[in-house]
Amino acid sequence: MPLTAAALAEPPPGASVGQTPGSEFAPLLRTVKNQGLLKRRHGWYAREIAVNALALAGVITGVALIGNSWWSQLLAPALAVLAARTAFIGHDAGHSQITGSSSVSRLIGLLHGNLLLGMSYSWWNDFHNAIQNVQKGQDPAEFMVPSSPGRRVLRSERPDA
């Protein structure tokens, strides 16, 4: 059942009246940052991207060597796992978790989303951000509008918005 605006505006039980939303999260965030858990791990991502790329090349080579045979289906589970890993790398690139450079993150996202998965990285990034805004309690009508049957776009993409 959807919550009303009044229910969303009520402070959580036990919260003081002058407390701002999200302030209960601040001490946890400070602890996590102080322990270095939010630092980018460039070496780990470089290794994971290289291992994933080599494994994908191995599976594709295996399919090519096996040829038109039912035996090639034995490589499908490995390909599924590698596709999921590729999607996670693209997801992290979309959140700029891999590198601080937006252009490098975009390049990694384009390579993993568009080239390796066959999915539009830009579409995914816009859609994923919109979904996360809905999960934060924002009304999707504020930032998404229908553009064609079965497709919704961000208001910023529409010339008349």
Side-chain angles (χ1 to χ4, degrees), residues 1-3 5 8 21-22 25-26 28-29 32-33 35-161:
M1 176 158 91
L3 296 174
L8 290 174
F25 179 70
L28 175 62
L29 181 61
V32 168
K33 281 184 177 179
Q35 292 180 359
L37 298 175
L38 294 180
K39 290 183 181 176
R40 290 187 174 91
R41 302 183 317 179
H42 303 290
W44 184 85
Y45 276 109
R47 187 184 77 240
E48 290 301 308
I49 289 170
V51 166
N52 200 52
L54 289 172
L56 277 170
V59 168
I60 292 169
T61 302
V63 169
L65 291 175
I66 292 171
N68 190 12
S69 168
W70 285 97
W71 289 103
S72 64
Q73 289 188 357
L74 292 175
L75 296 174
L79 186 59
V81 169
L82 294 171
R85 289 171 50 100
T86 301
F88 280 121
I89 293 169
H91 175 269
D92 290 351
H95 284 290
S96 297
Q97 292 177 327
I98 299 174
T99 178
S101 168
S102 61
S103 59
V104 173
S105 290
R106 180 165 168 76
L107 178 63
I108 292 170
L110 286 170
L111 289 174
H112 284 82
N114 290 35
L115 181 65
L116 296 176
L117 293 176
M119 172 188 73
S120 170
Y121 171 73
S122 296
W123 170 87
W124 176 88
N125 211 16
D126 292 342
F127 185 76
H128 184 67
N129 290 340
I131 292 298
Q132 288 190 343
N133 287 335
V134 170
Q135 292 171 350
K136 292 176 187 171
Q138 295 178 353
D139 181 13
E142 293 179 19
F143 52 86
M144 293 187 78
V145 293
S147 65
S148 63
R151 183 172 185 271
R152 294 177 71 85
V153 296
L154 298 177
R155 287 193 185 275
S156 61
E157 294 177 4
R158 289 199 49 201
D160 59 341

Spacing of [X] atom [atom1] and [Y] atom [atom2] [to the nearest 0.5 Å]:
{"X": "T61", "Y": "I66", "atom1": "OG1", "atom2": "CD1", "answer": "11.0 Å"}
{"X": "T86", "Y": "L79", "atom1": "OG1", "atom2": "CG", "answer": "8.5 Å"}
{"X": "H91", "Y": "H112", "atom1": "NE2", "atom2": "NE2", "answer": "14.0 Å"}
{"X": "S102", "Y": "L107", "atom1": "OG", "atom2": "CG", "answer": "11.5 Å"}
{"X": "Y121", "Y": "R106", "atom1": "OH", "atom2": "CZ", "answer": "7.0 Å"}
{"X": "L116", "Y": "L82", "atom1": "CG", "atom2": "CG", "answer": "10.5 Å"}

Any side-chain donor-acceptor pair under 3.5 Å between S101 and T99?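 T99 and S101 do not have a side-chain donor-acceptor pair below 3.5 Å.
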
Heavy-atom closest pair, residues A78 and V59: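 Nearest heavy atoms, A78 then V59: CB-CG2, 4.1 Å.
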
Work out which heavy atom in L75 is nearest to a heavy atom in V63; give both atom names and the distance.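 The answer is CD1-N, 3.6 Å.
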
Can you confirm whether W44 is buried at CH2, in the sense that more than 12 heavy atoms of other residues, nucleotides or ligands lie under 6.0 Å from that atom?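 Yes.
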
Checking R85 against L56 for the side-chain contact (heavy atoms from CB on, under 4.5 Å) test, could you report, in this order, the C-alpha distance in whole Å, the side-chain angles of both residues, the deciding distance, and whether it holds? CA-CA 10 Å; R85 289 171 50 100; L56 277 170; over 6 Å; no

Does I98 form a side-chain contact (heavy atoms from CB on, under 4.5 Å) with I89? I'd like the steps, not just the answer. CA-CA 8 Å; I98 299 174; I89 293 169; 4.1 Å; yes

State, yes or no, whether a side-chain contact exists between N52 and E48 at a heavy-atom distance under 4.5 Å.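 The answer is no; the side chains never approach within 4.5 Å.
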
Side-chain contact test, heavy atoms from C-beta onward, threshold under 4.5 Å: evaluate it for D92 versus I108 and give yes or no.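 When only atoms from C-beta onward are counted, I108 and D92 do not touch, as no gap falls below 4.5 Å.
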
Taking the side chain from R40 and the backbone from S96, do they hold a donor-acceptor pair closer than 3.5 Å?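 The answer is yes, because a donor-acceptor pair under 3.5 Å joins these two groups.
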
